[in-house]
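Order of appearance sets the numbers: ligands from 1, and atoms from 1 within every ligand. Note that the coordinates shown come from a computational prediction; the quantities given were computed from them, not determined experimentally. Residue numbers start at 1 and run along the sequence shown.
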Amino acid sequence: MNSRLATLILCAVSLTCSTANTQAVTPSAPPALVLGAAWYPEQWPESRWDADLDLMQKAGITMVRVGEFAWSRMEPSDGHYDLDWLDNAVTAAGRHGIYTVIGTPSAAPPAWLTQKYPETLRTLEDGRKDQHGNRQQFNWANPKYRQLSRGMAEQLAKRFGHNPWVIGWQIDNEYANVSFDDATKAQFQDWLKARYSTLDNLNARWTTSYWSETYSNWNQVPIETKYGNPGLLLSWMRFVSDTWRSYQKNQTEVIRANSEPRQFITTNMMGWFDGYDHYTVSQDLDLASWDDYVGQGQLDPYRNGAAHDLTRGFLRKNFWVMETQPGFVNWQKINNSLDKGEVRAMAWHAIGHGADAVSYWQWRSALNGQEQYHGTLVGPDGTPVPLYTEVAQLGAEFAKAAPALAGTSVKSDVAILHSYDSRWAINWQRHNTNYDPVSEIVSYYKPLRDLSQSVDIVSPSVSLTQYKLVVAPGLNVLSDAEAKNLIAYVEQGGNLVLGQRTAMKDADNTLQTQRQPGPLASILGGRVEQYYALTDPIPVYGAWTEGSKPTGNKTVATKTAATSSDWAELLSTQSPDTKVLLRFGKSNGWLDDQPAAITRKVGKGSITYIGAYLDPTTMTKAAKWMLDISHVQPKLGKLPEGIDVYPREGPNGKVYILVNFNKSPQTITLPTPMQDILNGGTKTTLTLPTYGVSVLSTQ
Ligand code: GAL
């Protein structure tokens, strides 16, 4: 531990150190790496604020997010705003060199509002009205609620839109709950009218002649969320997404009109949550951010890392972790704490994946309220909990590493395609209850990340030309425009790998009249003859299952016990240059010895279809094959298993963040000497303990 860090920690723990600067400071640009905390000054007397901010400053915290649930304090009665306290809080934070992100408080409307405007309450799916006492009880489509939340946001923007300490805005908090009232249903029906123009068109595209679903009036169309017509289900989710977008725009408009462009606007999203299409909602934001919680258990660097990459893909640039757990949460069955060192490893894991900020929820528990047991950085007595020192270490490290990481971002040769339409469509009709589209994505992601050391996750509608390899694990719903995008990518020399259930449906969630992969079948020169849900894993054999192992002084060929689980697609080749890579072994008769994966070269590019849900060993071999044919090299070279590397690149060179997720120390030999940003010096080998972190630079 270096001496500066030791001093900081000592200061933080003893509370006697007087290094904190409580004079007025003029803000410069916020740091390139931001360490933050959710702070709720409205819950504490103003006389306490400086003690909290002092502790934050000593831990290297440079940002507080405030306000997102404080509506009753900001507007104590209808039209009577009180923002002086918030102004004082922003100023007090600034005195400690701490920037502020202001959350608009619309996720928690005050009691007077609900009482006076009961029409703003949401209606649950079973017809019951929500009530005051929790949060998110509002109706996101209700015009009165929009008027009131816009008014509140406008007051905030007028007051803080030019405040030098305010660096950004968070709209609302974790969009999630929607409403099923009649007025919202009417809005949905209007939305359908705008999209489909005529009922004849809607009826045809949804095949409503099935089960007498035919509509003769727009007002007959119901809301369905689980077991409705697939066209109706998808339309409802698109309406939900568009309505969140307009809900958000209602506030961003007044903030943009009253604030400086340097202040970003974001909203805190929720990783894999699929309650709306995040690509739709992100497009009006300056920054994507998400709330990164492990909940029960330990950090899964893959599923969690993929969620970072997903969030980075919303705007295709660096993002923020707006909330993360200080050790533990309060909403799981067992709210275990992350291990000592794991919180720090998790923060660097986030930075490695392209986060420029990590912010803890929350600084200190409200003394009462629903979340008394949640992890914090200080206790109810206002003094540091044990984790505080680990976070203070991060604060010192962020300050050290910020210059090297400034201006860097993640650059990948490999992209995984992800679409909400497809995830919803599969989840509504899984056909095998164990078939989880996110797990399928992660099954590809894991070996691809291990072997290439950097993967983007993006929408199928973005330009793909920058990638050497594009993998689409479950693109079940494929629009004509997306199909054209993929075909153009292959024709221009890209390598495309399609996973199971690809292109079974068109943009209305209607079955394609061509067999899978629909519009991609012709370029593939092959197709899916039939799909089979599996009760038990079945064998597969071929290109990715042959192995060899040394026995005595000979090397003998072996066959691994390769399998497909949950799902199998019987493929056929339709073109002489489409090759079979993998076949199913003996199983249900239909699949026996039939193609399970096929591939075709197209000019300099290629297209491959994998109809098996591969076991991890076989998937790793498949991933290696995909990367080899695409000429993708690992960014840093071979590393011991369990050592994760996260490369970020900038105009001045590359930075590699390494984290050891093994249960034992690991020694790493670097391909070239690099600067050790956290410990100083130049390194060619280094040893990392469990949860150890190294930040290396080529600059
Ligand atoms: C988040 C939420 C926070 C807090 C946190 C607890 O989902 O945005 O306000 O409730 O969970 O883990």
Between Glu68 and ligand 1, does any nitrogen or oxygen pair lie at a separation below 3.5 Å?
-> no

Check the side chains of His162 and Asn258 for a donor-acceptor pair under 3.5 angstrom, ignoring hydrogens and angles.
-> no

Could you tell me how the ring of Tyr276 sits relative to the ring of Trp244: parallel (under 30°), tilted (30 to 60°) or perpendicular (over 60°)?
-> tilted

May I have the step-by-step check of salt bridge (Lys or Arg N to Asp or Glu O under 4.0 Å) for Arg430 and Asp436, ending in yes or no?
-> CA-CA 8 Å; Arg430 281 192 173 191; Asp436 169 24; 3.6 Å; yes

Ligand 1 atoms in contact with Phe69 (distance to a heavy atom under 4.0 Å) | 9 (O)

The residue among Asp456, Val458, Ile457 that forms side-chain contact (heavy atoms from CB on, under 4.5 Å) with Arg312 is Asp456

Using a strict cut-off of 4.0 Å, indicate which atoms of ligand 1 neighbour a heavy atom of Glu174.
-> 1 (C), 2 (C), 7 (O), 8 (O)

Checking Ser77 side chain against His80 main chain: does a donor-acceptor pair fall under 3.5 Å?
-> no

Ligand 1 contact on Met322 by region, counting heavy-atom pairs under 4.0 Å | neither

Heavy atom of Arg135, distance to ligand 1 below 4.0 Å = yes

So for His374 against ligand 1, with non-hydrogen atoms under 4.0 Å, the contacting part is side chain

Ligand 1-proximal atoms of Glu323, by part, heavy-atom distance under 4.0 Å | side chain

Are Arg364 and Trp39 in a cation-pi setup, meaning NZ or CZ lies under 6.0 angstrom from the ring centre and within 45 degrees of the ring axis?
-> no

Note: ligand 1 atoms sitting under 4.0 Å from heavy atoms of Asp291 are 8 (O)

For atom 5 (C) of ligand 1, the closest protein heavy atom turns out to be Tyr293 OH, 3.4 Å

Evaluate the ring planes of Tyr99 and Trp165, with Trp represented by its six-membered ring, and classify them as parallel (under 30°), tilted (30 to 60°) or perpendicular (over 60°).
-> tilted

Which is closest to atom 4 (C) of ligand 1 by heavy-atom distance: Gln332, Gln136, Glu371?
-> Glu371

